[in-house]
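Labels below follow one simple rule: chain letters A, B, ... track the order of the sequence lines, proteins then strands, and each chain is numbered from 1.
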There are 2 protein chains.
Amino acid sequence: MRIRKELLKGSTAIMILKIISKEDAYGYQITQELYADSGETFKLNEGTLYPILHTLEKDGLIKSYSKISEQGRLRKYYSITPLGRVNLAAQIEEWRVFSRAVDAILKEN
Amino acid sequence: MRIRKELLKGSTAIMILKIISKEDAYGYQITQELYADSGETFKLNEGTLYPILHTLEKDGLIKSYSKISEQGRLRKYYSITPLGRVNLAAQIEEWRVFSRAVDAILKEN
DNA sequence: TTTAGATACATCGTAAATCTATGTATATAG
DNA sequence: CTATATACATAGATTTACGATGTATCTAAA
């Protein structure tokens with residue numbers, strides 16, 4: 001099922017942060033993991049991904065370093081900061097409250 | 001907990017449609033029900049509500065009629081159309097797929 | 001009596017998030 | 001050699017919600 005982009009708004013950054021929190025990751029890898037781990041539901045555009053990564057770094061939630069892969073390609077890896085972990089936990093709690101409230105409304109009859 | 005407005009994007013119209021599907025409702029009433037049924041989580045602004053109602057009506061998902069209340073106040077009631085019911089069912093299913101996918105990402109470790 | 005707050009509808013301008021499109025560049029498979 | 005995947009980046013357009021503002025009535029308190 002294709003998900004309207006509007007539904008995604010607000011939750012994309014949390015998911016990116018969560019993926020980086022598991023292990024350092026580079027941009028392209030993040031889109032692949034997000035696609036696989038969501039059961040092929042989320043196909044992240046590059047025009048969405050990179051600006052979010054830049055914002056997260058500017059806000060001090062992640063930091064980056066460059067590394068050359070075995071294939072000789074330059075990759076920009078991101079790792080989560082302590083501040084990022086605190087922020088992630090808060091955002092996950094917020095998501096839980098939000099999604100439970102929506103469920104409550106949609107379940108009502 | 002205050003929910004960032006960004007999280008709301010895309011799900012507000014579904015919830016409004018769901019409330020109207022239960023019984024005909026007018027604008028102010030919808031904000032009250034949404035607030036109560038969500039456990040005081042969703043406080044809908046008028047600048048959000050009325051444009052959405054107008055769009056839903058323009059799209060043929062709801063229709064309106066005016067009625068005077070016992071207090072002598074004019075109210076604009078909305079009722080869901082058959083097309084609105086079909087659309088609501090599809091959007092609820094979409095929400096389920098979406099929220100399960102986000103849960104899957106955030107649960108991963 | 002006047003004033004504040006709740007009820008009731010509406011629109012305008014702004015901000016935020018994502019998308020599409022575009023650009024650059026390299027590696028790999030057919 | 002050509003298409004696809006990998007890899008990063010930005011600009012402009014679209015969508016959605018918000019805050020501010022406007023109009024108007026009813027009710028309760030000061």
Side-chain angles (χ1 to χ4, degrees), chain A residues 2-17 20 24-36 41-59 62 64-78 91 94-95 98 102, chain B residues 2-17 20 24-36 38 41-59 62 64-78 91 95 98 102:
Chain A
R2 210 179 68 251
I3 301 292
R4 282 174 310 123
K5 62 171 186 262
E6 290 78 29
L7 264 186
L8 243 343
K9 292 196 182 190
S11 51
T12 309
I14 318 173
M15 294 193 284
I16 291 173
L17 196 54
I20 295 170
D24 292 8
Y26 56 96
Y28 191 83
Q29 176 191 354
I30 291 169
T31 62
Q32 304 302 307
E33 284 192 33
L34 192 56
Y35 182 69
T41 300
F42 299 133
K43 229 177 197 124
L44 200 56
N45 289 299
E46 296 166 293
T48 305
L49 172 72
Y50 292 110
I52 288 178
L53 286 173
H54 300 159
T55 302
L56 288 175
E57 184 167 30
K58 190 174 62 63
D59 293 345
I62 59 177
S64 66
Y65 55 94
S66 289
K67 220 171 74 175
I68 312 273
S69 70
E70 307 82 44
Q71 296 85 29
R73 304 189 62 128
L74 189 66
R75 285 173 182 163
K76 202 170 165 186
Y77 281 83
Y78 290 93
Q91 282 194 75
E94 189 194 9
W95 161 258
F98 166 73
V102 176
Chain B
R2 212 179 66 250
I3 301 292
R4 282 173 311 120
K5 61 172 189 261
E6 291 76 32
L7 263 186
L8 242 345
K9 293 196 180 189
S11 50
T12 308
I14 319 173
M15 294 194 283
I16 291 174
L17 197 53
I20 296 171
D24 292 8
Y26 57 96
Y28 192 81
Q29 176 190 355
I30 292 169
T31 62
Q32 303 303 306
E33 283 192 33
L34 192 56
Y35 183 68
S38 68
T41 301
F42 299 134
K43 227 177 197 124
L44 200 56
N45 289 297
E46 294 167 293
T48 305
L49 172 72
Y50 293 110
I52 288 178
L53 286 174
H54 300 158
T55 301
L56 289 174
E57 184 167 29
K58 189 174 64 60
D59 292 345
I62 58 177
S64 66
Y65 57 92
S66 289
K67 218 172 74 174
I68 313 274
S69 71
E70 306 83 44
Q71 296 83 32
R73 302 190 62 129
L74 189 67
R75 285 174 182 161
K76 201 169 166 186
Y77 281 83
Y78 290 93
Q91 282 195 75
W95 161 259
F98 165 73
V102 175

Here the distance between atom P of D:dA7 and atom CD of A:Q29, to the nearest Å, is 9 Å

Which part of the nucleic acid does B:G27 contact within heavy-atom distance under 4.0 Å: base, sugar-phosphate only, or nothing?
-> sugar-phosphate

Nucleotide C:dA8, atom C1' - distance to OH of B:Y77 in whole Å = 11 Å

Just by distance, do the side chain of B:S38 and the backbone of B:L34 share a donor-acceptor pair under 3.5 Å?
-> yes

Using only side-chain N and O atoms of B:Y50, determine if any of them is under 4.0 Å from OP1 or OP2 of C:dT11.
-> no

Enter the distance from A:Y77:OH to A:S64:OG here, rounded to the nearest 0.5 Å.
-> 13.0 Å

Ignoring backbone atoms, establish whether B:K43 has a side-chain N or O less than 4.0 Å from OP1 or OP2 of D:dC18.
-> no

Distance in angstrom units between A:L56 CG and C:dA17 C1', rounded = 13 Å

Does B:T48 have a side-chain nitrogen or oxygen under 4.0 Å from the phosphate oxygens OP1 or OP2 of D:dT16?
-> no

How is A:N45 classified with respect to the nucleic acid when contacts are heavy atoms under 4.0 Å: base, sugar-phosphate, or nothing?
-> base

Between C:dC9 and B:Y26, is there an OP1 or OP2 to side-chain N/O distance shorter than 4.0 Å?
-> no

Output the distance between atom CZ (B:F98) and atom OG (A:S11), rounded to the nearest 0.5 Å.
-> 3.5 Å

Any donor-acceptor pair under 3.5 Å linking the side chain of B:Q29 with the backbone of B:Y26?
-> yes

Round to the nearest Å and state the distance from A:L44 atom CG to D:dA7 atom C1'.
-> 14 Å

Between A:A13 and B:E46, which has a closest nucleotide on DNA chain C that is more 5'?
-> B:E46

Starting at atom CZ of A:R75, determine the distance to atom C1' of C:dT26, rounded to an integer number of angstrom.
-> 12 Å

Ignoring hydrogens and geometry, is there a side-chain-to-backbone donor-acceptor pair from B:T48 to B:L44 under 3.5 Å?
-> no

Base, sugar-phosphate alone, or nothing: which one does A:L49 contact when heavy atoms must sit under 4.0 Å apart?
-> nothing

How many Å lie between OH on B:Y35 and P on C:dA6, as a whole number?
-> 12 Å

What's the CG-C1' distance between B:L74 and D:dC26, to the nearest Å?
-> 14 Å

OP1 or OP2 of D:dC26 under 4.0 Å from side-chain N/O of B:R73 = no

Heavy-atom nearest nucleotide on DNA chain D taken for A:Q71 and for A:P51; more 5' hit belongs to A:Q71

Within less than 4.0 Å of OP1 or OP2 of D:dC8, is there a side-chain N or O belonging to A:H54?
-> no

Length of the OH-P vector between B:Y78 and C:dA8, whole Å | 14 Å

